[in-house]
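As structure tokens, the structure follows; a few thoughts come after it.
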Amino acid sequence: MEPGYIALYHYGELERRARALEARLASCDICPRECRVDRLQDEPAYCHSGRLPIVSAVCAHHGEEPAISGTGGSGTVFFGNCNMRCVYCQNYQISQDWKKQKSKEMDCHTLAERMLYLQDGLGCHNINFVSPSHFVPQLLRAVMEAVPMGLRVPLVYNTGGYDSIASLKKLDGVISIYLPDLRYASDRWAKKFSHAPDYVARARQAIKEMYRQVGDLVVDESGLAQKGLIVRHLILPNRLAGSEESLTWLIRDLSPAVTVSIMSQYKPVHRAPRIPLLSRNITVAEHEKVLRLLADLGIENGWVQEMGAAEEYLPDFEREGHPFSDPTVISSTFPPVISSPDLSGRGNPNS
Ligand code: SF4
């Protein structure tokens, strides 16, 4: 299946979209915060990000869901900074240390070369943009640059879920696989722990738009994702993630065939050790409760991380070479314990 961005490039549509997005940087509304600062002039913004993309790490990642990592790994581009401020962010070294991240700025042509390195040099199955919500214009421009260099693998949009619908619409046909988080079912907790007081409505709208574009997950004969939506849900201690409400919303309001990835890797890092409600790992009982929910709701497609994943998944972006300690061990903790995604290629009727 040829990714849609190749045809969009040849029609000139990628260039039109990249220009339209870049124009919006002059009064930035690229994400739901709508700061209206001039990022083309590098004016200070909530996301501490200006005209150029900030790329904090580029690597083959073997610890994503099996349909994303496959055997060759997912070609991960970790963008620096973020449009949220999660107090427990496991990537806090690159998401919330903007002074250090400034030195990781690169131009879009260099980013395109890194993408080609992931595809051709490392043999990755896809390009996986992590925390891209504040860099959508730069992402699209880099794809523009990469197509004539030979980019041909599917693109993954791996986001915290706090995304602008207008920005997402510019990615229609460009992104093959959406991998959003659905972090909360309560704006109270979203405000307190991620500084995103309208997260629930924004993330649900964004996930609906992603689903409209790509539909249910489609995998190839080897189980690799080709197109579709995978929603990640991180179990937080003390039911702060609102698992029951979020999973019920997914299955009832989005799709009974939705593919979910239940993450059990929560570990109190960054500011969380000082916050009593967040200062411990999840318990076996909390994990089992979510497993029962999956069964009760009839959620059949996706993966569940085993308990004990917290240590293996913690990245260290200051480590030499690779942010994850042992990528091979990591992937073994992510078994397909619900069931394999639908192989029939059933798509979204709206797309
Ligand atoms: S992308 Fe950054 S500057 Fe633009 S609206 Fe979002 S937080 Fe503000």
Side-chain angles (χ1 to χ4, degrees), residues 17-56 77-89 91-108 111 128-144 155-172 174-175 178-184 187 190-210 270-271:
R17 292 191 197 179
R19 282 197 190 161
L21 280 162
E22 285 160 354
R24 285 171 50 198
L25 286 171
S27 174
C28 188
D29 65 350
I30 293 301
C31 91
R33 298 212 181 260
E34 298 190 6
C35 298
R36 300 286 173 194
V37 300
D38 187 351
R39 287 178 60 188
L40 298 174
Q41 302 301 321
D42 289 337
E43 276 183 13
Y46 182 90
C47 61
H48 295 273
S49 303
R51 183 174 61 85
L52 294 175
I54 294 172
V55 178
S56 303
V77 174
F78 286 94
F79 284 116
N81 299 337
C82 192
N83 68 340
M84 292 202 290
R85 296 276 189 277
C86 301
V87 295
Y88 51 84
C89 181
N91 294 353
Y92 66 96
Q93 292 164 311
I94 61 169
S95 66
Q96 297 181 39
D97 186 355
W98 36 88
K99 285 188 184 141
K100 254 193 188 161
Q101 295 311 303
K102 182 77 180 156
S103 66
K104 308 279 176 60
E105 277 187 344
M106 66 173 61
D107 60 53
C108 292
L111 173 53
N128 180 352
F129 297 106
V130 181
S131 298
S133 310
H134 52 307
F135 283 127
V136 177
Q138 295 86 345
L139 181 164
L140 207 59
R141 177 59 66 187
V143 173
M144 268 285 306
L155 304 181
V156 181
Y157 189 89
N158 182 342
T159 169
Y162 197 52
D163 285 282
S164 142
I165 301 299
S167 298
L168 289 175
K169 282 186 186 295
K170 297 289 185 209
L171 298 175
D172 194 356
V174 176
I175 299 296
Y178 280 105
L179 188 55
D181 292 322
L182 185 51
R183 287 181 181 270
Y184 303 101
D187 281 335
K191 179 179 179 191
K192 193 173 173 67
F193 300 131
S194 294
H195 202 217
D198 53 353
Y199 178 87
V200 178
R202 296 288 194 172
R204 289 182 181 185
Q205 285 164 6
I207 289 171
K208 279 192 167 174
E209 170 60 21
M210 296 173 194
H270 191 35
R271 300 185 200 287

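Keep in mind that the numbers below use all heavy atoms, side chains included, and drop hydrogens, waters and symmetry copies. All ligand and atom numbering here is 1-based and tracks the order in the structure. Throughout, numbering of the chain's residues begins at 1 and tracks the sequence.
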Residue set satisfying side-chain hydrogen bond (donor to acceptor under 3.5 Å, both in side chains) with Lys191, at least two apart, ordered chain then number -> none

Classify the side-chain pair His270/Gln96 by whether it contains a donor and acceptor separated by less than 3.5 Å.
-> yes

Distance filter under 2.8 Å, centred on atom 8 (Fe) of ligand 1 - protein N, O or S atoms that pass it | Cys35 SG

Please collect all ring-ring contact (aromatic ring centres under 6.0 Å, His included) contacts where either partner lies in residues 17-37, sequence neighbours excluded, each pair once.
-> none

Check the side chains of Ser194 and Tyr184 for a donor-acceptor pair under 3.5 angstrom, ignoring hydrogens and angles.
-> yes

Check each atom of ligand 1 against the heavy atoms of Arg39 and keep those under 4.0 Å away; list them by number with element.
-> 1 (S), 3 (S), 4 (Fe)

When the aromatic ring centroids of Phe129 and Tyr157 are compared, is their separation below 6.0 Å?
-> no

Please identify each residue that fulfils salt bridge (charged side-chain N to carboxylate O under 4.0 Å, His left out) with Glu22, with sequence neighbours left out.
-> Arg141

